[in-house]
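All ligand and atom numbering here is 1-based and tracks the order in the structure. Any value given below was found using the heavy atoms of this structure, including those in side chains, with hydrogens, waters and symmetry copies removed.
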Amino acid sequence: MKEKTKILVTGGTGYIGSHTAVELINAGYDVVIIDNLSNSNREVLDGIEAITGVRPTFVEGDCTDMDTLRRLFSEHNIKGIINFAASKAVGESIHKPLLYYRNNLVTLMNLLELMPEFGVKGFVFSSSCTVYGEPDENPVTERSQRKEATSPYGNTKRISEDIIRDTVHSGAPIGAIILRYFNPVGAHPSALIGELPNGVPQNLIPYLTQTAIGIRKELSVFGNDYPTRDGSCIRDFINVVDLAKAHVIAVQRLVEGKTAEPVEIFNLGTGDGVSVLELINTFEEATGVKVPYRITGRREGDIIQVWADPTRANTVLGWKADTPLTDTMRSAWKWQQHLREKGIM
Ligand code: WQD
């Protein structure tokens, strides 16, 4: 029997990592996950196994530790890496910048340094639309200007992109694909995996679903006086399973040596801007559940509007985010109900 191609998913028990592990297994890859469980838990592996029938190999460990990684690469013949292992809370990063720079950048540098040593050719990196800041024009393309970061978290994404570019251009025998995500939302339709926010959610959808189920009294809508069609901010909400599938295509492209450039960059979004108020309406229509909300003041640092031009990913990767937003909202709601049934939240 032909041996399956082994892919390392760092941060693979996290929100996007776990959905990507599922899609990799479904596509016939052998998945090795490394995660320090700082913002996830082991039960996620049960969810992945329940969906796919396969339990991925799991290494509990921290990617900032070179010895742990070296051991992992010696034990597993890894062909490609998808790097999700990172801290991602914008607010926290302002109070703990060194934690963010250490976790996100040391992890990245360790992996890039070890790749040539172990013959790993492909690297997929989780970047973010945060690198575009407040864009001069929407939708943003990959050629749109990157702006000064407004948080240490955002800065780690920008610096990471530069580190990857410089490393690949220095002649290291590796290829990289940088994926810039817009706003990933929703959960696997089975509701066996999803987003597990720590404490009070900072992001819109987990706060919204927790309000809908009664954990929170009301959702605060941060501003309705922005220069947008209804005054609330506009984002490009992308279904997490659609997003996960793009990673499978990207890593395959790298492993099979089909990239057109040593470092490729793709926006991953739907191409549609949806306002916060429109999103609340869509959720209510899709689920039949009312979300009590109140307009409050603006949140400091919020971008007014940003949405993707995903043409490059559509044409070059042959990938499209095509799950309707109503289905995505239903999946987020089903996941919240699953958490309640399991007594998790
Ligand atoms: C979306 C919109 C809020 C909560 C952040 C990071 C980004 C990315 C995803 C991460 C905004 C509004 C929110 C609430 C609200 N990457 N909102 N009430 O800020 O677009 O992006 O997360 O890992 O890099 O910056 O996402 O979900 O926090 O906010 O009105 O209780 O919802 O003002 O307009 P954001 P978000």
Colleague: Looking only at protein heavy atoms, which one is nearest to atom 24 (O) of ligand 1, and what is the separation?
Modeller: Ser128 OG, 3.2 Å

Colleague: Applying the salt bridge (Lys or Arg N to Asp or Glu O under 4.0 Å) test to Glu264, which of Arg180, Arg253, Arg312, Arg165 qualifies?
Modeller: Arg253

Colleague: What's the shortest distance from atom 11 (C) of ligand 1 to any protein heavy atom, and which residue and atom give it?
Modeller: Arg235 NH2, 3.6 Å

Colleague: Would you find more than 12 non-hydrogen atoms of other residues, nucleotides or ligands less than 6.0 Å from Glu117 atom CD?
Modeller: yes

Colleague: At less than 4.0 angstrom from any non-hydrogen atom of Leu219, what atoms of ligand 1 do you find?
Modeller: 31 (O)

Colleague: Just which atoms of ligand 1 are under 4.0 Å from any heavy atom in Val221?
Modeller: 30 (O)

Colleague: Which residue owns the protein heavy atom closest to atom 29 (O) of ligand 1, what's the atom, and how far is it?
Modeller: Arg299 NH2, 3.4 Å

Colleague: Under a plain distance cut-off of 3.5 Å, with no hydrogens placed, do Thr228 and Gln305 share a side-chain donor-acceptor pair?
Modeller: no

Colleague: Establish, yes or no, whether a centroid distance under 6.0 Å links the rings of Tyr181 and His247.
Modeller: yes

Colleague: Hey, is Gln202 touching ligand 1 through its side chain, its backbone, both or neither, going by heavy atoms under 4.0 Å?
Modeller: backbone

Colleague: What do we get for Ile303 next to ligand 1 when only non-hydrogen atoms under 4.0 Å count, side chain, backbone, both or neither?
Modeller: neither

Colleague: Heavy atoms only: which of Asn203, Val185, Asn224 lies closest to atom 9 (C) of ligand 1?
Modeller: Asn203

Colleague: Applying a 4.0 Å heavy-atom criterion (strictly less than), which segment of Ser232 is in contact with ligand 1: side chain, backbone, both, or neither?
Modeller: neither

Colleague: Side chains of Ser232 and Asn224: any donor to acceptor distance under 3.5 Å?
Modeller: no

Colleague: Considering heavy atoms of the protein only, find what lies nearest to atom 25 (O) of ligand 1 and give residue, atom and distance to 0.1 Å.
Modeller: Val90 CG2, 3.5 Å

Colleague: With Thr323 as reference, evaluate Asp242, Thr328, Thr270 under the side-chain hydrogen bond (donor to acceptor under 3.5 Å, both in side chains) test and give the passing residue.
Modeller: Asp242

Colleague: Looking only at protein heavy atoms, which one is nearest to atom 33 (O) of ligand 1, and what is the separation?
Modeller: Asp302 OD2, 2.5 Å

Colleague: How far is atom 21 (O) of ligand 1 from its nearest protein heavy atom, and which residue and atom is that?
Modeller: Asn183 ND2, 3.9 Å

Colleague: After noting the C-alpha distance and the side-chain angles of Asn267 and Tyr132, does the key distance pass the side chain to side chain donor-acceptor pair (under 3.5 Å) rule?
Modeller: CA-CA 11 Å; Asn267 281 344; Tyr132 297 117; 2.6 Å; yes

Colleague: Considering heavy atoms of the protein only, find what lies nearest to atom 27 (O) of ligand 1 and give residue, atom and distance to 0.1 Å.
Modeller: Leu204 N, 2.8 Å

Colleague: So does Arg229 have more than 12 non-hydrogen atoms from other groups sitting under 6.0 Å from CZ?
Modeller: yes

Colleague: Does NZ belonging to Lys147 count more than 12 external heavy atoms closer than 6.0 Å?
Modeller: yes

Colleague: Is atom OH of Tyr101 surrounded by more than 12 heavy atoms (other residues, nucleotides or ligands) closer than 6.0 Å?
Modeller: yes

Colleague: Which ligand 1 atoms are under 4.0 Å away from a heavy-atom of Ser220?
Modeller: 14 (C), 15 (C), 18 (N), 30 (O), 31 (O)

Colleague: Would you mind listing which atoms of ligand 1 come within a distance below 4.0 Å of any non-hydrogen atom of Cys233?
Modeller: 34 (O)

Colleague: Judged on heavy-atom distance to atom 10 (C) of ligand 1, which of Phe222, Tyr15, Tyr153, Tyr226 sits nearest?
Modeller: Tyr153

Colleague: Please assess Ser18 against His188 for the test side-chain contact (heavy atoms from CB on, under 4.5 Å), listing each intermediate value before the final yes or no.
Modeller: CA-CA 10 Å; Ser18 58; His188 193 271; over 6 Å; no

Colleague: How far is atom 2 (C) of ligand 1 from the closest protein heavy atom, and which atom is that?
Modeller: Val276 CG2, 3.8 Å

